[in-house]
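Single-structure report; data block below.
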Amino acid sequence: MIHRLTIDAFAAGPGGMETLATLAEQPTLARCRVRVQPGGIAAAMAAYATQPTPQVVIVEAEEAGDSLLERLDQLADVCEANTRVVVLGADNDIRLYRTLLARGVSDYLPLPLTAAQVASAVCALYADPQAAPRAKVVAFWGARGGSGASTLAQNAAWCLGRHLREAVLYIDLDVAFGTSGLAFDIETRQSVADVLSHPDRMDPVMLERCLVEYDESLKVLAAPGDPRITARLDVDAVDRLLDMASRLAAMVVVDLPRQWNEWVAQVLYSADEVVLVSVPDLASLRDSKTLLEILGARRAPTAMPKLVLNRVDPARRAQLSDKVFTDTLGMAPVLSIPQEPQSFGVAANEGRMVPEAASASRAAQSLRQLAALLAGRAMPVQTGLRHKLAHWLKG
C-alpha cells in the first residue's frame with residue numbers, strides 16, 4: 001500500500017472505463033483519492049485548463065502516432081511540473097514507449113489491461129527505496145458499543161511504545177465521547193476536533209503542537225469528549241491527518257467511534273491493520289460477521305481484521321466460546337483478553353495503563369501479546385519454571 005495520492009483517470013472508451021472504474025478498489029491504492037471520468041486526453045486538457053492537476057493523471061489514448069504526441073504536448077501545457085502522467089494506449093511499440101518517456105510521460109501501458117496492472121504501475125512510480133518510511137496505521141473498532149475497544153486501543157498504544165522503543169501516536173477520533181483525556185490523565189489545550197476543524201491549515205507543525213506527551217514513547221491526540229463540540233470529520237480531512245501522523249512515528253493507533261459513516265468506513269478500508277474488538281455474546285458475533293463481510297470486499301485477503309475477544313470469563317457458561325466464533329466467522333480470534341475488572345478498574349481510576357497499574361496480571365500479559373502481534377516482533381513469554389529461573393538468574 002502506498003501513501004495518499006490524488007489520482008484522476010480519463011477513459012476514452014467503454015473498455016477503458018470498465019478497467020478504470022475499479023481502480024479505487026485495489027488494496028494498494030486504498031489510501032488514495034481516485035476519480036474516473038470519460039473523455040480521454042481531450043477531457044483531461046479541458047479539466048486542467050481551469051483547475052490544478054492531481055499528483056497522478058491516467059489517460060487512455062485513442063490517438064496514435066504524431067496525433068498522440070501532439071495531444072500529449074497540449075496536455076503537458078496545462079499540467080503542473082510535478083504531475084505524473086500515465087498513458088494507456090493500443091500500440092505495443094517500444095519506440096513509442098521511449099519517445100513518450102523522453103517527452104516527460106511517466107509510463108506507457110499497452111492495452112488491454114486490468115485495474116491491478118494499472119495500480120501496480122502507479123505504485124512503481126513511487127517505489128523509491130530512499131523514501132522516508134511511514135508508520136503502520138492500526139485502527140481499533142468495537143463490534144458493539146461497550147466492547148472495550150477504546151481501552152484496548154489505549155493500552156495497546158502504550159505497550160507498542162515500550163515494545164518497539166520507538167515513537168507511537170494514539171489518535172482518539174471519538175470526538176463526542178472519547179475517553180483518552182481521562183484514560184491517560186492528561187490536560188489538552190487542543191484536541192483532535194481543533195485539528196480537523198481546519199483541514200486547510202492542517203500541517204505537521206500544527207499536529208505536533210496538539211500532541212500531548214504521555215511518556216517518552218507515546219504521544220496522544222485526544223478527543224474533547226463533548227457532544228456539543230462539532231468538527232469537520234470527512235474523508236479527506238481524516239485521511240490527511242493520518243497521513244501526516246504516519247510521518248511522525250513508528251506506529252499510529254487510531255480509536256474509531258462506534259458508528260458507521262463514510263470517513264469511518266474509509267479508515268477501516270485503508271488502515272494497515274484493523275483490530276475488531278468483540279465480547280463473547282450473540283449480538284457481538286452477529287455484528288462481527290457483518291463487518292467482516294463488508295471489509296472482506298474491500299481489503300486484501302492477507303489484510304483482514306484481527307479479531308480480539310474481550311472480557312472473556314470461562315466460568316460464565318452463558319458466554320460464547322472461541323470455537324463458536326471460529327466456526328461462524330471462518331477465522332479464529334487472535335487473542336482473548338480475560339475479564340479482570342479489578343485490574344482495569346484500578347488503572348482507569350489512576351489514569352494509567354493496565355500494564356503500569358497491574359503489571360503482573362493476566363490482562364497485562366495479554367495486552368503485551370497484542371502489542372507484539374501488531375508490531376510483528378516476537379515477544380518472549382516466560383511461564384512456570386522458565387519464569388522462576390529467569391527471576392533467580394536476575395537475582
Side-chain angles (χ1 to χ4, degrees), residues 1-38 40-41 43-44 53-62 68 72 75-76 79-80 82-137 235 239 242-243 246-247 266-274 295-304 376:
M1 185 181 297
I2 62 174
H3 62 275
R4 164 102 175 146
L5 294 173
T6 53
I7 304 172
D8 285 356
F10 297 84
M17 181 61 75
E18 182 178 353
T19 297
L20 295 173
T22 59
L23 192 60
E25 301 174 8
Q26 300 304 306
T28 51
L29 301 182
R31 291 185 181 178
C32 302
R33 192 275 291 148
V34 182
R35 294 189 302 188
V36 180
Q37 50 194 302
I41 298 177
T53 51
Q55 291 164 300
V56 179
V57 175
I58 303 171
V59 290
E60 181 189 9
E62 290 182 319
L68 172 60
L72 290 175
L75 177 62
C79 284
E80 297 172 12
N82 59 349
T83 299
R84 305 289 187 94
V85 177
V86 177
V87 179
L88 317 181
D91 292 335
N92 190 359
D93 185 347
I94 186 63
R95 290 175 296 179
L96 174 62
Y97 175 81
R98 290 171 177 169
T99 300
L100 293 177
L101 292 189
R103 287 175 176 254
V105 170
S106 298
D107 203 354
Y108 176 83
L109 306 175
L111 297 168
L113 290 163
T114 65
Q117 289 172 318
V118 178
S120 178
V122 172
C123 291
L125 300 179
Y126 296 89
D128 181 5
Q130 302 301 319
R134 292 173 181 268
K136 178 190 285 188
V137 176
V235 172
D239 197 44
L242 297 184
D243 179 64
S246 70
R247 303 167 187 260
Q266 180 59 30
V267 174
L268 290 172
Y269 295 149
S270 62
D272 299 299
E273 293 269 16
V274 173
L295 297 185
R298 292 295 300 268
R299 293 181 65 88
T302 56
M304 288 300 289

Original post:
Can you list the residues that meet the side chain to side chain donor-acceptor pair (under 3.5 Å) rule with Thr19, with sequence neighbours excluded?
Top reply: none
Original post:
Of the non-hydrogen atoms in Val235 and Gln266, which two are nearest, and what is the gap between them?
Top reply: CG1-CG, 3.8 Å
Original post:
Taking only residues two or more places apart in sequence, or in another chain, which ones meet Ala300 in a side-chain contact (heavy atoms from CB on, under 4.5 Å)?
Top reply: Pro27, Thr302, Ala303
**OP:** Keeping to residues at least two apart or across chains, list the side chain to side chain donor-acceptor pair (under 3.5 Å) pairs with something in residues 90-100.
**Re:** none
**OP:** Any chance you could measure Leu113, atom CG, to Leu88, atom CG, to the nearest 0.5 Å?
**Re:** 6.0 Å
Original post:
To the nearest 0.5 Å, how far apart are OH in Tyr108 and CG in Leu68?
Top reply: 7.0 Å
Original post:
Less than 4.5 Å apart, any side-chain heavy atom of Val137 and any of Val267?
Top reply: no
Original post:
Measuring from Gln55:CD to Arg84:CZ, what's the distance to the nearest 0.5 Å?
Top reply: 9.5 Å
Name every donor-acceptor pair, under 3.5 Å, that has one atom in a side chain of residues 115-124 and the other anywhere in the protein, sequence neighbours excluded.
from	atom 1	to	atom 2	distance (Å)
Gln117	OE1	Thr114	N	2.9
Gln117	OE1	Thr114	OG1	3.4

Subject >> Ser106: partners by side chain to side chain donor-acceptor pair (under 3.5 Å), with sequence neighbours left out >> reply: none
**OP:** Could you walk me through whether Phe10 and Gln37 pass the side-chain contact (heavy atoms from CB on, under 4.5 Å) test, one step at a time?
**Re:** CA-CA 5 Å; Phe10 297 84; Gln37 50 194 302; 3.3 Å; yes
**OP:** Identify the heavy atoms of Leu101 and Val105 that sit nearest to each other, and give their distance.
**Re:** CD2-O, 3.1 Å
Original post:
Closest heavy-atom contact between Leu111 and Glu60?
Top reply: CD1-OE2, 3.7 Å
Original post:
Ala24: what forms a side-chain contact (heavy atoms from CB on, under 4.5 Å) with it, not counting sequence neighbours?
Top reply: Val34
**OP:** List the atom of Tyr269, the atom of Arg299, and the distance in Å for their closest heavy-atom pair.
**Re:** O-NH1, 3.1 Å
**OP:** Could I get the full list of salt bridge (charged side-chain N to carboxylate O under 4.0 Å, His left out) partners for Asp8, not counting sequence neighbours?
**Re:** Arg33, Arg35
Original post:
Which residues satisfy the side chain to side chain donor-acceptor pair (under 3.5 Å) test with Glu273, sequence neighbours excluded?
Top reply: Lys306
Subject >> Ala9: side-chain contact (heavy atoms from CB on, under 4.5 Å) partners, not counting sequence neighbours >> reply: Leu20, Val36, Ile58
**OP:** Keeping to residues at least two apart or across chains, list the salt bridge (Lys or Arg N to Asp or Glu O under 4.0 Å) pairs with something in residues 101-111.
**Re:** Asp73-Arg103
